[in-house]
Asks: 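Handing you this structure, nothing more for now.
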Amino acid sequence: MTEFAPSSTTQKHPWPDARGRYGAFGGRFVPETLMYALDELERAYESAREDAAFQETLHTYRQDYVGRPTPLYFAARFTEALGGAKVYFKREDLAHTGAHKINNALGQCLLAKRMGKTRIIAETGAGQHGVATATASALLGLKCVVYMGAEDIERQKLNVFRMRLLGSEVVTVESGSKTLKDAINEALRDWVAHVEDTHYVLGTVHGPHPFPMICRDFQSVIGREARKQIFEKEGRLPDTLIACVGGGSNAVGLFYEFIGDESVRMIGVEAGGTAIKPGEHAARFDGGAYGMLHGAISYVLQDEYGQIGSTHSVSAGLDYASVGPEHAYFHDSGRVEYTHVSDDEALDGFQRCSELEGIIPALESAHAIAHAMKVVPAMNKDRIVIVNMSGRGDKDVQQAARFILPDEDWSGGAKA
Ligand SMILES: *Cc1c(COP(=O)(O)O)cnc(C)c1O
């Protein structure tokens, strides 16, 4: 067996540059009042990154609380059914709270504590990042306030209850479209007003520098583990990595450690929704253009006047008008390929994975699975594919039921 070969990606830190740019993307486009907070955060993060005691604390919580390393699982029946490459799942669905989001929430809350902050704020759309942040805040004894659009609160009552159960306050956002992007605006406003005692835990690899870098670094534990695990199991690098892309944190988390390995093909899968037409999807690399949202330059779904476009996906976690700036950079440089799958294809992946493997995937992860179902059959049997199972699907069964069996009444349990 070949010895485990360490990657050099993380030692080089070639990007972002000093201004937080990834090529033409990224940066820090915020009001002057936030510059102080972002500078302070950047300095604190750089010092924590080099601090062995901080890394040790993070490692211990990852192991004993989150349940890391998560397994790299050989999906034998899924592989057999597709009849091509060997497919492995990186099991982020087995992390505490059921998805990769805890990796970032835990890291940022520990960082906040190290900075002497006592109060945490976060934005959330479907509630997954809110729950992860409420969890990490409870763990570390931090006060937590989560901003959530009124529309989303209505749709996600159980997650709102979860956050309150975990001791967090959930603030209803009534402005704009009353969804995620309005919640982000409110959270940024709160941060400006309370920066002395408050840290803002941003949920994905987006927003002003240094957030995309910090979130990427905390999520890159996924790829570091996967790289070690595939060497242990197969004695070599994988041929292809596949991950779904909302903001892009689980994808870059898996990809980052392999970026320097030229033989490894990487595919990011966006939400194709019902059609690639305005308002019907969230495939930023197919319908989007160079633009700015939430303090960073990236690909953005927008109209001809630069107004942010509306989006749709069967999966709430992929339903965002922009994508992390590092992905925009990977896209333009050609290092990562981006594609999209439709709602129907994702639902098919959701069912096939459940039947064949006894794993109900999150609808987000089902996008990555659906793309694997397209490309794996044409690959040689000696090839190796890793699909990032970003989360478990318990949260999505009701939504899926509505789409798969639309004629039945699914109003029992949580309200629609
Ligand atoms: C939030 C979420 C995503 C999308 O977010 P990324 O930042 O793109 O990873 C994907 N999968 C699951 C399970 C999620 O909860």
Side-chain angles (χ1 to χ4, degrees), residues 70 89-105 107-108 122-133 135 152 156 159 162 180 183-184 201-207 211-212 214-223 241-256 267-271 282-285 294 296 298-299 311 313-328 330 336 338 340-341 346 349-350 353 359-371 387-397 399-400:
T70 59
F89 293 159
K90 179 60 174 161
R91 298 291 307 273
E92 292 303 293
D93 59 313
L94 294 179
H96 182 46
T97 70
H100 67 292
K101 285 198 171 73
I102 191 74
N103 301 326
N104 174 55
Q108 287 205 39
E123 84 293 345
T124 199
Q128 296 307 115
H129 173 57
V131 169
T133 306
T135 300
D152 291 331
Q156 301 288 341
N159 273 339
R162 274 190 191 98
L180 176 64
I184 298 177
V201 178
L202 209 150
T204 188
V205 286
H206 208 288
F211 281 114
I214 292 177
C215 180
R216 174 198 73 195
D217 289 356
F218 285 137
Q219 292 293 1
S220 65
V221 66
I222 301 172
L241 307 176
I242 304 177
C244 66
V245 182
S249 69
N250 86 87
V252 79
L254 176 64
F255 296 167
Y256 193 58
I267 307 173
V269 185
E270 299 185 286
R284 290 69 42 105
F285 292 121
H294 296 128
S298 186
Y299 277 72
T311 51
S313 171
V314 67
S315 125
L318 304 185
D319 197 353
Y320 179 56
S322 186
V323 60
E326 191 162 8
H327 285 286
F330 290 153
V336 179
Y338 295 86
H340 54 81
V341 306
F350 180 83
C353 182
I359 297 169
I360 301 175
L363 280 173
E364 293 86 0
S365 321
H367 284 71
I369 291 161
H371 190 68
V387 175
N388 206 12
M389 188 67 70
S390 57
R392 65 176 183 227
D394 307 43
K395 67 181 179 63
D396 293 324
V397 286
Q399 166 82 344

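Numbering of ligands and ligand atoms starts at 1, following listing order. Quick note: numbers below take in every heavy atom, side chains included, and nothing from hydrogens, waters or symmetry partners. Residue numbers count from 1 along this sequence.
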Asks: What do the steps show when you test Val245 against Arg284 for side chain to side chain contact (heavy atoms under 4.5 Å, CB included), and what is the final call?
Replies: CA-CA 10 Å; Val245 182; Arg284 290 69 42 105; 3.8 Å; yes
Asks: If you count the atoms of ligand 1 from 1 in the order shown, which ones are under 4.0 Å from a heavy atom of Asn250?
Replies: 6 (P), 8 (O), 9 (O), 10 (C)
Asks: If you measure from atom 14 (C) of ligand 1 to every heavy atom of Glu364, Gln128, Lys101, which option wins on shortest distance?
Replies: Lys101
Asks: Using a 4.0 Å heavy-atom threshold (strictly under), name the region of Ala362 that reaches ligand 1: side chain, backbone, both or neither.
Replies: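 For Ala362, only side-chain atoms sit under 4.0 Å from ligand 1.
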Asks: State, without any angle test, whether Asn103 and Gln219 hold a side-chain donor-acceptor pair at a distance under 3.5 Å.
Replies: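 Side chains of Asn103 and Gln219: pair found under 3.5 Å.
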Asks: Consider only side-chain N and O atoms of Glu364 and Asn250, and report whether a donor and an acceptor are under 3.5 Å apart.
Replies: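 No, Asn250 and Glu364 have no side-chain donor paired with an acceptor closer than 3.5 Å.
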Asks: Short list, please: which atoms of ligand 1 are under 4.0 Å from a heavy atom of Cys244?
Replies: 10 (C)
Asks: I'd like to check Tyr320 versus His294 (side-chain heavy atoms, cut-off strictly below 4.5 Å). Are they in contact?
Replies: yes
Asks: In terms of residue, atom name and distance, what is the protein heavy atom nearest to atom 11 (N) of ligand 1?
Replies: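 Here the nearest protein heavy atom works out to Ser390 OG, 2.7 Å.
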Asks: Checking the N or O distance criterion of under 3.5 Å, is ligand 1 in contact with Ala251?
Replies: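 There is no such contact.
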Asks: Regarding His206 and Ser322, is there a side-chain donor-to-acceptor distance under 3.5 Å anywhere?
Replies: yes
Asks: Taking 4.0 angstrom as the limit and counting only heavy atoms of Gly246, give me the atoms of ligand 1 inside it, by number and element.
Replies: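 That gives atoms 8 (O) of ligand 1.
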Asks: With rounding to the nearest 0.5 Å, note down the distance linking OG in Ser365 to CD1 in Ile359.
Replies: 10.5 Å
Asks: Indicate yes or no: does an N/O atom of Gly248 lie under 3.5 Å from an N/O atom of ligand 1?
Replies: yes
Asks: So which heavy atom on Gln108 is nearest to which on Val201, and how close?
Replies: OE1-CA, 3.4 Å
Asks: Considering both backbone and side-chain atoms of Val205, is one of its nitrogen or oxygen atoms within less than 3.5 Å of a nitrogen or oxygen in ligand 1?
Replies: no
Asks: Please determine whether side chain to side chain contact (heavy atoms under 4.5 Å, CB included) holds for the pair Met389 and Ile369, giving the CA-CA distance in whole Å, both sets of side-chain angles, and the decisive distance to 0.1 Å.
Replies: CA-CA 8 Å; Met389 188 67 70; Ile369 291 161; 3.7 Å; yes
Asks: Purely on distance, is any nitrogen or oxygen of Ser365 under 3.5 Å from one on ligand 1?
Replies: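 In this structure, Ser365 places no N or O atom under 3.5 Å from an N or O of ligand 1.
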Asks: Using modelled atom types and a 3.5 Å cut-off, is there a donor and acceptor pairing between side-chain atoms of Ser313 and backbone atoms of Asp319?
Replies: no
Asks: Would you mind telling me if ligand 1 is within reach of the side chain of His100, the backbone, both or neither, using heavy atoms under 4.0 Å?
Replies: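 Just the side chain.
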Asks: Should you measure from each heavy atom of Gly391, which atoms of ligand 1 turn up under 4.0 Å away?
Replies: 13 (C)
Asks: So which heavy atom in the protein is nearest atom 4 (C) of ligand 1, and how far is it from that ligand atom?
Replies: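 Nearest neighbour among protein heavy atoms for atom 4 (C) of ligand 1, to 0.1 Å: Gly317 O, 3.3 Å.
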Asks: I'd like to check which ligand 1 atoms, numbered from 1 as shown, lie under 4.0 Å from a non-hydrogen atom of Ser249.
Replies: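 Answer, ordered by atom number: 6 (P), 7 (O), 8 (O), 9 (O).
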